[in-house]
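Just so it is clear: chains get the letters A, B, ... in the order the sequence lines come, proteins before strands, and each one is counted from 1.
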Amino acid sequence: RKEVEQDPGPFNVPEGATVAFNCTYSNSASQSFFWYRQDCRKEPKLLMSVYSSGNEDGRFTAQLNRASQYISLLIRDSKLSDSATYLCVVNPPRGGGGNKLTFGTGTQLKVEL
Amino acid sequence: DVKVTQSSRYLVKRTGEKVFLECVQDMDHENMFWYRQDPGLGLRLIYFSYDVKMKEKGDIPEGYSVSREKKERFSLILESASTNQTSMYLCASSSQGRPNTFGSGTRLTVV
């Protein structure tokens, strides 16, 4: 089983739609979780951290379900500019120094007129 | 804003050449990382450093080495480039417990 699994998509949605992505992780001892956004041929950029109680940033809501070991990202009122690949990121305990994030392969979102 | 700068955006090298990819960060971060990204495989960690002169192997270190002589600089070295090392290489840095900030990437083609 992969450490972090995501549906690759693509998710094709009309502008204004609500879309949700899930991501599952295998290491139950993982402590921190993030969503990154990556535009075509660009570097990944941090979208938001995911907190145990769930958190919202404008049109974006992230949630964590530790019991089922998944995190989710909800995008409301989708914009054309939301078209990108969304990477689920987990920080599993690996030992050694520092923190080493594990990235999912990403879910592609295409928002259409 | 943290800035992570990679020396080259695009690079073409010949098989067998020694290749240096340079990365510099300006926020005094302890941690620095090198990843490669390939279609369908996502981001894979090559090497990691949490302090000057310290390094740890990531998930795919074979064929690569690294150097961190100064805190702000982390170099990735391909001792003898091969075609299967054609990829997008991404450098990142972070402070302890914080998520990574990435450089803009180097697209390396080995011919």
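Ranking A:Gln38, A:Lys45, A:Gln6 against chain B, the residue ahead of the rest is A:Gln38, based on heavy-atom pairs under 4.5 Å.
Counting non-hydrogen atoms of other residues, nucleotides and ligands closer than 6.0 Å to CD of A:Gln63 gives a total of 12 or fewer. Atom CZ of B:Arg73 has 12 or fewer neighbouring heavy atoms from other residues, nucleotides or ligands inside a 6.0 Å radius. More than 12 heavy atoms of other residues, nucleotides or ligands sit less than 6.0 Å from atom CZ of B:Arg9.
Using a 4.5 Å heavy-atom threshold, the side chains of A:Leu101 and B:Ser94 count as separate. Residues B:Asn100 and A:Tyr36 form a side-chain contact, since some pair of their non-hydrogen atoms from C-beta on lies under 4.5 Å apart.
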query = For B:Phe102 and A:Phe103, what are the C-alpha separation, side-chain angles and deciding distance, and is it a ring pair (Phe, Tyr, Trp, His ring centres under 6.0 Å)?
reply = CA-CA 13 Å; B:Phe102 286 88; A:Phe103 287 76; 5.7 Å; yes

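For A:Pro8, no part sits under 4.5 Å from any heavy atom of chain B, backbone or side chain. Neither the backbone nor the side chain of B:Arg44 comes within less than 4.5 Å of any heavy atom in chain A. Contacts between A:Gln31 and chain B at a heavy-atom distance below 4.5 Å are absent for every atom of the residue.
Residues A:Leu64 and A:Val89 are members of separate hydrophobic clusters, defined by side-chain heavy-atom contacts under 4.5 angstrom among Ile, Leu, Val, Met, Phe, Trp and Tyr. A:Leu87 and B:Tyr89 are assigned to two separate hydrophobic clusters, defined by single-linkage of ILVMFWY side chains at heavy-atom distances under 4.5 Å. Taken together through direct or relayed side-chain contacts under 4.5 Å among Ile, Leu, Val, Met, Phe, Trp and Tyr, B:Leu43 and A:Met48 form parts of separate hydrophobic clusters. A:Ile71 and A:Leu74 fall into different hydrophobic clusters, where Ile, Leu, Val, Met, Phe, Trp and Tyr are joined by side-chain heavy atoms under 4.5 Å apart, directly or via other members. No chain of hydrophobic side-chain contacts below 4.5 Å, direct or via other Ile, Leu, Val, Met, Phe, Trp or Tyr residues, connects B:Leu11 to B:Leu90.
The line from OG of A:Ser49 to CZ of B:Arg98 is 5.5 Å long, rounded to the nearest 0.5 Å.
Contact record, A:Thr105 with B:Gly42: CG2-N, 3.8 Å, taken as the closest heavy-atom pair. Between A:Leu46 and B:Pro99, the closest heavy-atom pair is CD2-CG, 3.6 Å. The shortest non-hydrogen separation linking A:Lys100 to B:Phe48 is CD-CD2, 3.5 Å.
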